[in-house]
Amino acid sequence: QRHFVESGGGLVQPGGSLRLSCVAAGFTLDIWAIGWFRQAPGKERERVSCISASTNDTHYADSVKGRFTISRDNAKNTVYLQMNSLKPEDTGVYYCAVHLLGCLIEAQDNWGQGTKVTVSS
């Protein structure tokens, strides 16, 4: 089954940094726009960032703008999320997902297991 494998999460103190990786398994991601989502306990999944197939267009939620950077390496079939200046409200399980029409429409049917990020003071 085509899916993503997310990794790189962990426990960090506020102000720390993490770099998340999303590797596509069973398909090639170079033609797809890819977004990162997160979900905290008791909350709905929300989009954090997205990058177009060409890498020319990137999008960030207001809550992470200036702190997170999304990038991709198509040769490695991987999308990254560099997270700096982490805050407790960044805590959650992070997932990646394919999009249609650039970053306009999330189109992920089978979500991966995600990678857990905990920011604790």
Side-chain angles (χ1 to χ4, degrees):
Q1 183 179 36
R2 295 177 296 173
H3 65 281
F4 289 115
V5 179
E6 299 97 341
S7 64
L11 173 64
V12 298
Q13 294 186 346
S17 297
L18 287 172
R19 191 190 193 198
L20 307 184
S21 297
C22 173
V23 180
F27 70 103
T28 301
L29 58 68
D30 59 353
I31 66 170
W32 296 99
I34 306 295
W36 280 96
F37 290 73
R38 68 186 179 192
Q39 187 169 26
K43 299 181 65 177
E44 294 186 354
R45 184 178 287 125
E46 62 176 344
R47 196 174 80 173
V48 174
S49 185
C50 186
I51 185 168
S52 67
S54 69
T55 74
N56 290 330
D57 298 314
T58 57
H59 302 262
Y60 298 94
D62 289 341
S63 59
V64 307
K65 190 171 295 183
R67 300 187 297 118
F68 290 11
T69 303
I70 190 170
S71 62
R72 65 193 299 159
D73 186 342
N74 288 340
K76 296 181 178 180
N77 220 30
T78 302
V79 175
Y80 304 96
L81 185 68
Q82 178 68 46
M83 307 187 298
N84 299 324
S85 302
L86 284 163
K87 303 176 180 179
E89 50 263 45
D90 295 319
T91 294
V93 180
Y94 284 69
Y95 307 86
C96 47
V98 298
H99 287 68
L100 299 176
L101 299 177
C103 291
L104 290 179
I105 304 175
E106 179 268 304
Q108 187 71 29
D109 289 328
N110 300 308
W111 296 80
Q113 293 183 330
T115 185
K116 187 176 183 179
V117 172
T118 302
V119 185
S120 177
S121 60

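A quick note: this is a predicted structure, and the numbers were derived from the prediction, not measured. What's counted below: heavy atoms across the whole structure, side chains too, no hydrogens, waters or symmetry copies.
With sequence neighbours left out, Ile31 forms a side-chain contact (heavy atoms from CB on, under 4.5 Å) with no residue at all. His99 meets the ring pair (Phe, Tyr, Trp, His ring centres under 6.0 Å) test with Phe37; sequence neighbours excluded. Not counting sequence neighbours, the partners of Val93 by the side-chain contact (heavy atoms from CB on, under 4.5 Å) test are Tyr95, Lys116. Annotation: salt bridge (Lys or Arg N to Asp or Glu O under 4.0 Å) contacts of Asp109 (sequence neighbours excluded): none. Partners of Glu46 according to the salt bridge (Lys or Arg N to Asp or Glu O under 4.0 Å) rule, which considers only residues two or more places apart in sequence or in another chain, are Arg38. Here Lys43 pairs with nothing under the salt bridge (Lys or Arg N to Asp or Glu O under 4.0 Å) rule; sequence neighbours left out. Every salt bridge (Lys or Arg N to Asp or Glu O under 4.0 Å) that Arg67 has, sequence neighbours left out, goes to Asp90.
Ser120 and Thr118 share no donor-acceptor pair across their side chains, judged by distance under 3.5 Å alone.
For residues 3-26, the ring pair (Phe, Tyr, Trp, His ring centres under 6.0 Å) pairs, not counting sequence neighbours, are Phe4-Phe27. Applying the disulfide (SG to SG under 2.5 Å) test to residues at least two apart or on different chains, the pairs with a partner in residues 55-121 are Cys22-Cys96, Cys50-Cys103. Within the structure, every pair that satisfies the side-chain hydrogen bond (donor to acceptor under 3.5 Å, both in side chains) test and touches residues 13-28, not counting sequence neighbours, is listed here: Ser17-Asn84. Judged as a ring pair (Phe, Tyr, Trp, His ring centres under 6.0 Å), not a single pair has a partner in residues 41-69 (not counting sequence neighbours). Note on residues 69-81: pairs passing side-chain hydrogen bond (donor to acceptor under 3.5 Å, both in side chains), not counting sequence neighbours, are Arg72-Asn74.
Under the 4.5 Å side-chain heavy-atom criterion for Ile, Leu, Val, Met, Phe, Trp and Tyr, Leu20 and Val12 are members of the same hydrophobic cluster. Under a hydrophobic clustering in which Ile, Leu, Val, Met, Phe, Trp and Tyr are joined whenever their side-chain heavy atoms come within less than 4.5 Å, directly or via other members, Trp111 and Trp36 fall into different clusters. In the hydrophobic clustering of this structure, Val98 groups with Leu100; members are Ile, Leu, Val, Met, Phe, Trp, Tyr whose side-chain heavy atoms approach within less than 4.5 Å, directly or through other members. In this structure, Val23 is not a member of the same hydrophobic cluster as Val48, with clusters built from ILVMFWY side-chain heavy atoms closer than 4.5 Å.
In plain terms, the two heavy atoms of Asp30 and Ala53 that are nearest each other are O-CB, 3.5 Å. Taking each heavy atom of Ile70 and Ile34 in turn, the nearest pair found is CD1-O, 3.8 Å. Between Met83 and Val117 the shortest heavy-atom distance is CE-CG2, 3.8 Å. When all heavy atoms are compared, the tightest approach of Leu29 to Ala24 is CD2-CB, 3.8 Å.
The number of heavy-atom neighbours closer than 6.0 Å to CD of Gln113, taken from other residues, nucleotides and ligands shown, is 12 or below.
Counting only heavy atoms from C-beta outward, the side chains of Ser49 and Val64 never approach each other to under 4.5 Å. For the pair Asp57/Ile51, no side-chain contact is recorded, criterion being any heavy-atom separation below 4.5 Å from C-beta on.
Listed for the Thr91 side chain is a donor-acceptor partner under 3.5 Å among the backbone atoms of Val119.
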